[in-house]
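In what follows, a single structure is set out as structure tokens and then discussed.
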Amino acid sequence: MRKFLVENLSDQSVNLGIEPWADLEILAPGGRVVFEYEEHEEPAGIEFSIMGNGRVVVGIVSDLIKITGNNGEKIFKC
């Protein structure tokens, strides 16, 4: 599986919004979320937005993606 990582290297918690599924991960300092997808399911696009006030949004254009973070493993399908 191919992967990309979002890691909180700041000293404050960050709210990580995951779109278009309206999911939320709260990343404590040093926290990380791993996004995985199959080679044949490669996302058509990945967007990152820093919103201020400790909010970051990751937008993923993909039919299937697996996310592993503080809340365990989740699989999202469109």
ask   = How far does CZ of R32 sit from CG of N70, to the nearest 0.5 angstrom?
value = 11.5 Å
ask   = Does one hydrophobic cluster hold both F4 and F76, with members joined at side-chain heavy-atom distances below 4.5 Å?
value = yes
query = Should the heavy atoms of other residues, nucleotides or ligands under 6.0 Å from CG of L64 be counted, would the total exceed 12?
reply = yes
inquiry  = Tell me which pairs pass salt bridge (charged side-chain N to carboxylate O under 4.0 Å, His left out) where either residue lies in residues 7-25, with sequence neighbours left out.
reply    = D23-K74, E25-K74
ask   = Between the side chain of N8 and the main-chain N/O of A28, is any donor-acceptor distance below 3.5 Å?
value = yes
request  = Treat each ILVMFWY residue as a node, draw an edge where side-chain heavy atoms are under 4.5 Å apart, and state whether V33 and F48 are in one component.
outcome  = yes
request  = Measure the spacing between CD of E38 and NZ of K66 and express it to the nearest 0.5 Å.
outcome  = 8.5 Å
Within one Ile-Leu-Val-Met-Phe-Trp-Tyr cluster: V34 and I60, side-chain cutoff 4.5 Å = no
task = May I ask you to test the P29-S10 pair for a side-chain heavy-atom distance under 4.5 Å?
result = no
Flag if over 12 foreign heavy atoms under 6.0 Å of CD1, I50 = no
ask   = Checking side chain to side chain contact (heavy atoms under 4.5 Å, CB included) against F35, which of T68, I46, I18 comes through?
value = I18
query = Quick one: do W21 and L16 end up in the same hydrophobic cluster if we chain Ile, Leu, Val, Met, Phe, Trp and Tyr together by side-chain heavy atoms under 4.5 Å apart?
reply = yes
ask   = Quick one: do L27 and L24 end up in the same hydrophobic cluster if we chain Ile, Leu, Val, Met, Phe, Trp and Tyr together by side-chain heavy atoms under 4.5 Å apart?
value = no
